[in-house]
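Naming convention: chains lettered A, B, ... in sequence-line order (proteins, then strands); numbering from 1 in each chain.
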Protein chains: 2
Amino acid sequence: MTVTLADVAARARVSPATVSRVLNGNYPVAASTRERVLRAVDDLDYVLNGPASALAAATSDLVGVLVNDIADPFFGIMAGAAQHAIGEGAPGRAGGEKLTVVCNTGGSPERELNYLTLLQRQRAAAVVLTGGAVEDADHIATMAVKLARLADAGTRVVLCGRPPVPAAGEAITAALTFDNRGGGRRLTEHLLTLGHRRIGYIAGPAERTTTRHRLEGHRTAMEAAGLGGDGLERLTVHGRYDRRSGYDATLELLRREPRLTAVVAANDTVALGACAALRDRGLRIPDDISVAGFDDLPFSVDAVPALTTVRLPLHEAGARAGRLATGAETPPPGGVATIGGELMVRASTGRPAS
Amino acid sequence: MTVTLADVAARARVSPATVSRVLNGNYPVAASTRERVLRAVDDLDYVLNGPASALAAATSDLVGVLVNDIADPFFGIMAGAAQHAIGEGAPGRAGGEKLTVVCNTGGSPERELNYLTLLQRQRAAAVVLTGGAVEDADHIATMAVKLARLADAGTRVVLCGRPPVPAAGEAITAALTFDNRGGGRRLTEHLLTLGHRRIGYIAGPAERTTTRHRLEGHRTAMEAAGLGGDGLERLTVHGRYDRRSGYDATLELLRREPRLTAVVAANDTVALGACAALRDRGLRIPDDISVAGFDDLPFSVDAVPALTTVRLPLHEAGARAGRLATGAETPPPGGVATIGGELMVRASTGRPAS
DNA sequence: CTGTTAGCGCGTTCAC
DNA sequence: GTGAACGCGCTAACAG
């Protein structure tokens with residue numbers, strides 16, 4: 001029923017091997033023969049059989065991009081940039097593009113491993129892991145083994161916006177990590193400079209690296225300003241990386257410290273929720289209370305007031321990860337590159353009310 | 001080097017076929033044998049070879065979800081929901097989940113076809129096409145052929161948020177389409193009821209179905225109110241589905257008609273850009289001018305003022321598309337289901353200034 | 001319930 | 001520059 005390479009060969013009056021050579025373009029073939037083969041391919045509407053091709057060649061054109069939440073632009077931007085870079089980059093075996101596939105883990109370690117297995121099954125050419133990792137000892141160990149096995153099988157492993165996996169050093173082609181600590185620190189320093197002292201912090205889920213690093217940056221700044229101690233713990237609330245979480249956490253912070261003058265959120269989406277809660281409480285931003293986010297997602301500049309935040313070059317990072325995944329770019333020395341964030345001071349932060 | 005099914009068979013002292021049966025769980029196998037096989041699999045860290053399996057079975061566990069822009073939550077939400085539904089649904093051949101892959105076309109017809117070819121190569125189990133289609137006669141024809149060929153090869157084709165492909169009737173398993181016309185009409189009717197007469201419309205890219213349908217809804221309402229004619233054309237500006245486009249288009253509308261009292265945007269993201277432009281012009285929303293969007297993306301309720309818009313059940317639609325793709329849900333009668341939108345009246349629209 | 005036998009469709013040695 | 005032969009790893013009939 002379906003057209004095979006042999007059919008094309010027959011029509012072009014050549015051997016199957018020649019058709020294969022034309023399609024893969026890796027061996028010299030006489031121009032006239034190539035012409036004939038290509039016409040036969042076209043006439044027959046022949047489509048290469050991926051599985052068969054992958055089986056024979058022991059590798060495939062699949063590149064997997066794992067994201068925590070595909071509905072979150074933070075991941076969407078990185079994934080889109082990676083996909084673009086991969087598509088533009090090295091053409092796959094069959095001359096066509098590589099098939100970049102985005103896999104949504106929903107932040108679940110099980111699903112993450114699951115997808116890795118599936119990609120291993122498919123003999124994926126590369127895997128890009130984006131976003132923060134879960135800090136569970138068991139999971140980290142399992143991941144290290146899994147990644148090592150993938151690397152053994154020839155799959156390139158690239159981390160994007162995630163710290164290097166400690167135990168899997170050699171397995172990883174490259175790790176692009178964001179300077180979440182530095183960004184968090186500078187953001188809080190900005191508020192301290194404005195004169196804020198009672199600053200609430202809305203953190204992400206407790207067990208993630210991104211959450212911890214941003215929080216550490218915040219606390220480093222607070223402690224340097226002599227604001228360490230119990231207060232830090234009291235003015236920190238954990239939640240998910242979503243709008244609702246920011247809303248609820250803000251109310252909780254206000255309950256704990258009604259005289260709060262600033263709120264720092266784990267990311268921009270959470271910050272938006274925080275703003276909503278403050279408005280509902282009748283507080284003006286930044287006159288009564290300042291708000292800051294993280295990431296500088298596209299909507300942040302349009303928030304009212306425009307959000308002070310830390311810009312992460314998500315697009316660039318994703319594109320670079322894509323190039324690393326295809327081998328179009330050589331890994332940074334040591335395999336690890338840290339990407340800095342840029343403090344974007346906008347209208348949502350100001351001096352505290354006297 | 002790599003462990004194969006034969007290795008597992010040897011270790012478990014059974015035939016390869018039996019191992020295959022255990023792994024696929026489609027044939028009865030004695031409990032004790034299964035036990036032995038599973039232990040051997042575990043001992044050897046065996047991972048099924050996807051391509052080989054797909055080759056032999058002439059089908060794979062891959063489900064492709066095509067989106068126009070992965071960085072846009074509109075698509076991210078649908079894709080995430082579809083992926084979730086597919087994962088939860090029918091287990092793949094190897095007992096594991098299906099591998100749902102999201103492919104980012106960037107709105108380009110070429111890339112769309114490209115991905116379809118790649119998925120066809122992989123003998124994908126199903127393909128979900130999300131979002132509006134490009135209305136180019138050539139492309140539509142090519143797509144119809146392509147989809148028919150996919151369907152022939154046993155791939156299920158599901159449309160989500162896209163009108164049925166006219167010429168490919170039988171090829172499509174199911175089409176879930178949004179009532180963009182009705183939504184657009186009701187949105188504009190809402191503004192008309194408030195007393196608006198000079199309403200600007202910021203449309204999406206001209207050649208897309210979504211764009212056209214929303215615009216038609218708007219115009220239907222306008223004409224029913226006796227506001228048809230040249231004015232409609234003059235107060236319509238086309239652009240991309242992004243923030244910047246909304247910003248620029250708004251300035252252009254204001255240039256064409258300084259006394260504008262309302263702006264309807266192609267979607268929420270565009271509406272946000274419109275709000276920014278209006279604010280920069282010193283106009284208050286909704287006191288001086290009303291703004292409305294479409295989709296009701298998560299951030300819309302947090303906009304200031306909260307955005308009046310048409311809510312589309314993106315999550316539900318995506319999940320349903322996923323179930324249709326796995327065969328977990330039977331297609332609606334005729335294969336086509338229209339999903340309505342809900343008018344969400346919020347603070348960004350009000351009576352026009354007298 | 002389990003083993004045996006054939007391919008699935010293609011890439012890749014080798015020869016010519 | 002081209003063809004012939006073999007095998008990639010697995011599943012799907014058949015037997016038994």
Side-chain angles (χ1 to χ4, degrees), chain A residues 1-38 40-41 44-61 92-96 120-123 125 153-154, chain B residues 1-38 40-41 44-61 92-96 120-123 125 153-154:
Chain A
M1 187 61 218
T2 59
V3 186
T4 75
L5 195 149
D7 299 330
V8 176
R11 191 175 224 284
R13 315 184 118 272
V14 295
S15 77
T18 301
V19 178
S20 170
R21 293 197 262 256
V22 170
L23 260 29
N24 292 307
N26 292 332
Y27 280 90
V29 173
S32 64
T33 340
R34 156 178 299 121
E35 194 61 32
R36 227 160 0 115
V37 169
L38 290 178
V41 166
L44 266 37
D45 279 320
Y46 170 69
V47 182
L48 190 70
N49 184 318
S53 162
L55 173 59
T59 161
S60 82
D61 285 346
R93 337 181 4 77
Q120 187 181 352
R121 266 209 210 341
Q122 302 295 327
R123 305 295 187 259
Chain B
M1 187 59 215
T2 59
V3 186
T4 76
L5 192 147
D7 299 332
V8 176
R11 190 175 224 282
R13 319 186 114 269
V14 295
S15 77
T18 301
V19 178
S20 171
R21 293 197 263 258
V22 170
L23 262 29
N24 292 307
N26 292 332
Y27 279 93
V29 174
S32 64
T33 330
R34 156 178 297 120
E35 193 61 32
R36 231 164 353 118
V37 170
L38 289 180
V41 166
L44 267 39
D45 278 321
Y46 170 70
V47 182
L48 190 69
N49 183 317
S53 164
L55 173 59
T59 162
S60 81
D61 284 346
R93 333 182 8 78
Q120 187 181 353
R121 265 209 209 343
Q122 303 295 327
R123 304 297 186 260

(Q) B:A30: which residues meet the side-chain contact (heavy atoms from CB on, under 4.5 Å) condition with it, sequence neighbours left out? (A) B:S32, B:T33
Q: May I have the distance from B:Q122 (atom CD) to C:dC10 (atom P), rounded to whole angstrom?
A: 13 Å
Q: Could you tell me whether A:T4 contacts a base, only the sugar-phosphate backbone, or nothing, with contacts defined as non-hydrogen atoms closer than 4.0 Å?
A: sugar-phosphate
Q.
Quick check: closest heavy atoms across A:Y46 and A:L5, and the distance to 0.1 Å?
A. CE1-N, 3.5 Å
(Q) So, does B:S53 get its side chain near the phosphate of D:dT11, meaning an N or O under 4.0 Å from OP1 or OP2? (A) yes
Q: Quickly work out the A:L23 CG to C:dG9 P distance and round it to whole Å.
A: 16 Å
Can I get a per-line list of side-chain donor-acceptor pairs under 3.5 Å for residues 7-14 of chain A, giving both atom names and the distance, sequence neighbours left out?
| from | atom 1 | to | atom 2 | distance (Å) |
| --- | --- | --- | --- | --- |
| A:D7 | OD2 | A:T4 | N | 2.9 |
| A:R11 | NH1 | A:D43 | OD2 | 2.9 |

Q: Send over the distance from B:E35 CD to C:dC1 P, rounded to a whole Å.
A: 16 Å
Q) Whole-Å distance between C:dG9 C1' and A:N49 CG? A) 6 Å
Q | From CZ (A:R123) to CG (A:D61), nearest 0.5 Å | A | 15.0 Å
Q.
Output the rounded distance in Å from CG (B:D61) to P (D:dT11).
A. 10 Å
Q. To the nearest 0.5 Å, what is the distance between CG (A:L48) and CD (B:Q122)?
A. 9.0 Å
Q. Any donor and acceptor pair, going by atom type alone, linking the side chain of B:S60 with main-chain N or O of B:A54 inside 3.5 Å?
A. no
Q. More 5' along DNA chain C: A:V19 or B:A52, using each one's nearest nucleotide?
A. B:A52
Q. When you check the phosphate oxygens OP1 and OP2 of D:dT11, does a side-chain N or O of B:N24 lie under 4.0 Å from one of them?
A. yes
Q.
From CG of A:L44 over to P of C:dG9, roughly how many Å is that when rounded to an integer?
A. 14 Å
Q: Indicate the atoms forming the closest heavy-atom contact of B:V47 with A:Q120, along with that distance.
A: CG2-NE2, 3.5 Å
Q: Using the test side-chain contact (heavy atoms from CB on, under 4.5 Å), find all partners of A:A56 that sit at least two apart in sequence or belong to another chain.
A: none
Under-3.5 Å N/O pairs linking protein and nucleotides 1-4 of chain D:
| from | atom 1 | to | atom 2 | distance (Å) |
| --- | --- | --- | --- | --- |
| D:dT2 | OP1 | A:T33 | OG1 | 2.5 |
| D:dT2 | OP2 | A:A30 | N | 2.8 |
| D:dT2 | OP2 | A:T33 | OG1 | 3.4 |
| D:dG3 | OP2 | A:S15 | N | 2.9 |
| D:dG3 | OP2 | A:S15 | OG | 3.3 |
| D:dG3 | OP2 | A:T18 | OG1 | 2.7 |
| D:dG3 | N7 | A:R21 | NH2 | 2.7 |
| D:dG3 | O6 | A:R21 | NH1 | 3.4 |

Q) Near DNA chain C, which residues from residues 5-12 of chain A have a heavy atom under 4.0 Å away? A) A:L5
(Q) Looking only at the side chain of B:L48 (C-beta and beyond, no hydrogens), which of the listed nucleotides C:dC10, D:dT11, C:dG9 gets closest? (A) D:dT11
Q. A:R21: what forms a side-chain contact (heavy atoms from CB on, under 4.5 Å) with it, not counting sequence neighbours?
A. A:A17, A:T18, A:Y27, A:V29
Q | Rounded distance (Å) that lies between atom P of D:dG7 and atom CG of B:L55 | A | 17 Å
Q: Nearest whole angstrom, please: distance from the P of D:dG9 to the CD of A:Q120.
A: 14 Å
